[in-house]
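Everything below concerns the one structure shown next.
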Amino acid sequence: MALFDLPLDRLWTYRPEVAAPADLDGFWATTLAEARAAAAPVEVRRFETALRGVTTYDVTFTGFAGQPVRAWLNLPAAASGPLPLVVEFIGYGGGRGRPHEWLLWSAAGYAHLVMDTRGQGGMWRGGDTPDPGPDGAGPSVPGFLTRGVLDPAGYYYRRLLTDAVRAVDIAPELPGVDASRLAVVGGSQGGGLALAAASLSGGPVRAVVSQVPFLCHVRRAVTITDADPYAELVRFCRVHPERAAAALSTVDHVDLLHLVPRATAPALFSAALMDQTCPPSTVFAAYHAYAGPKEIEVYEWDGHEGGRAHFAARSLDFVAAHLP
């Protein structure tokens with residue numbers, strides 16, 4: 001894909017002035033307080049695999065509204081003493097899959113929690129967490145971006161961002177983990193969730209890795225790319241023009257551009273100049289708005305792969321520097 005967004009020199013100075021919803025602070029304070037009030041103890045069960053170098057646990061914790069969320073916890077089998085924890089979130093359409101699909105961080109010596117994605121896991125990697133209740137009812141385009149999009153209270157991403165924060169909350173309940181040394185990581189949707197967890201969790205996150213993050217500067221994204229998932233919102237607004245304003249207002253409540261000014265942990269971003277899925281200007285907008293110390297790797301020739309193994313190596317170095 002050829003270059004289609006702003007040139008790199010303009011990306012370095014792209015700081016759009018956009019107004020956050022007036023009720024944003026109260027919306028998230030209430031949402032998280034309700035989820036924490038409904039929390040139940042974490043369930044941790046040893047899960048047998050053929051992996052000799054990794055000990056795996058099947059974890060169930062309570063996310064939004066006390067609803068169960070599944071996760072894998074991989075620990076280096078030879079580890080002694082509590083380990084720093086890397087919490088990873090998954091890209092759009094994917095679920096937690098199988099434990100052997102998640103070996104990078106445990107191979108590097110970390111405890112590694114992989115949060116399943118509610119209702120997803122049917123597109124490229126299987127999942128085990130439902131998205132229960134009536135909140136997803138109403139008209140929507142196939143996918144997740146418009147599920148419940150007419151009301152922030154019933155919006156799918158309200159539930160998913162809450163799950164991500166709760167995945168950080170439960171770190172002290174996990175075996176073999178030093179919860180004071182915690183990083184959040186992910187790519188695409190997972191990169192957006194990592195930013196959300198860092199922005200909303202209240203302080204325990206010490207490092208953030210966000211690779212070509214989704215849910216950043218959504219109002220711009222839907223006007224410059226025809227690629228899904230953003231195109232789901234375009235299709236919804238095309239069919240329901242009288243509801244477009246309400247839909248965009250709902251998405252504003254989860255747009256990371258409005259949330260990352262709350263984040264303080266050191267963060268590593270990546271942006272790819274040929275990325276039509278998460279256009280580079282949307283990533284740079286969130287990067288510039290991010291309040292904590294930050295770095296960004298720019299991949300001139302990449303699309304949504306966002307740096308591939310090169311960025312993985314950079315991520316390992318970054319996390320090691322911040323979780324000694």
Tell me whether [X] shares a hydrophobic cluster with [Y], the cluster being built from Ile, Leu, Val, Met, Phe, Trp, Tyr side chains joined at under 4.5 Å.
{"X": "V218", "Y": "L256", "answer": "yes"}
{"X": "I296", "Y": "L257", "answer": "no"}
{"X": "V205", "Y": "L268", "answer": "no"}
{"X": "V44", "Y": "Y110", "answer": "no"}
{"X": "Y287", "Y": "L193", "answer": "yes"}

Are any non-hydrogen side-chain atoms of T49 and V54 less than 4.5 angstrom apart? no

State, with a plain yes or no, whether a side-chain heavy atom of L273 is found less than 4.5 Å away from one of L11. yes

Ignoring hydrogens and geometry beyond distance, is a side-chain donor-acceptor pair present between [X] and [Y] at under 3.5 Å?
{"X": "S106", "Y": "N74", "value": "no"}
{"X": "Q67", "Y": "R118", "value": "yes"}
{"X": "Y156", "Y": "Q120", "value": "yes"}

Output all residues satisfying side-chain hydrogen bond (donor to acceptor under 3.5 Å, both in side chains) with [X], sequence neighbours left out; order by chain, then residue number.
{"X": "R45", "answer": "D58"}
{"X": "E305", "answer": "none"}
{"X": "R220", "answer": "D5, S281"}

Please enumerate all residues that pass ring-ring contact (aromatic ring centres under 6.0 Å, His included) together with [X], with sequence neighbours excluded.
{"X": "Y14", "result": "H217"}
{"X": "H253", "result": "F27"}
{"X": "F284", "result": "W12, H288"}
{"X": "Y290", "result": "F269"}

Please indicate whether R15 has more than 12 foreign heavy atoms, meaning atoms of other residues, nucleotides or ligands, lying under 6.0 Å from its CZ. yes

For atom CG of D9, is the number of surrounding heavy atoms from other residues, nucleotides or ligands below 6.0 Å larger than 12? yes

Using distance only, find each side-chain donor-acceptor pair of residues 144-152 under 3.5 Å and give its atom names and separation, not counting sequence neighbours.
unit_1, atom_1, unit_2, atom_2, d
T146, OG1, V141, N, 2.8
T146, OG1, V141, O, 3.4
D151, OD1, A153, N, 3.1

Could you give the side-chain donor-acceptor pairs of residues 234-246 under 3.5 Å, partners two or more places apart or in another chain?
unit_1, atom_1, unit_2, atom_2, d
R235, NH1, D228, OD1, 3.2
R235, NH2, D228, OD1, 3.0
R235, NH2, D228, OD2, 3.4

Would you sort out whether Y299 and Q211 count as a side chain to side chain donor-acceptor pair (under 3.5 Å), showing the intermediate values? CA-CA 11 Å; Y299 297 94; Q211 184 177 16; over 6 Å; no

Ring pair (Phe, Tyr, Trp, His ring centres under 6.0 Å): pairs with one or both residues in residues 164-196, sequence neighbours excluded: none

Has R125 got its NZ or CZ under 6.0 Å from the middle of the six-membered ring of W102, at an angle within 45 degrees of the ring axis? yes

Residue pairs passing the side chain to side chain donor-acceptor pair (under 3.5 Å) test with at least one member in residues 81-92, sequence neighbours excluded, are E88-H112, Y92-E232

Worked check of salt bridge (Lys or Arg N to Asp or Glu O under 4.0 Å) between D169 and R166: CA-CA 5 Å; D169 286 352; R166 289 287 301 136; 3.2 Å; yes

Expected list for residues 317-324: side-chain donor-acceptor pairs under 3.5 angstrom, two or more places apart:
none

Is a side-chain N or O of R96 found less than 3.5 angstrom from the main chain of A71, in a donor-acceptor match? yes

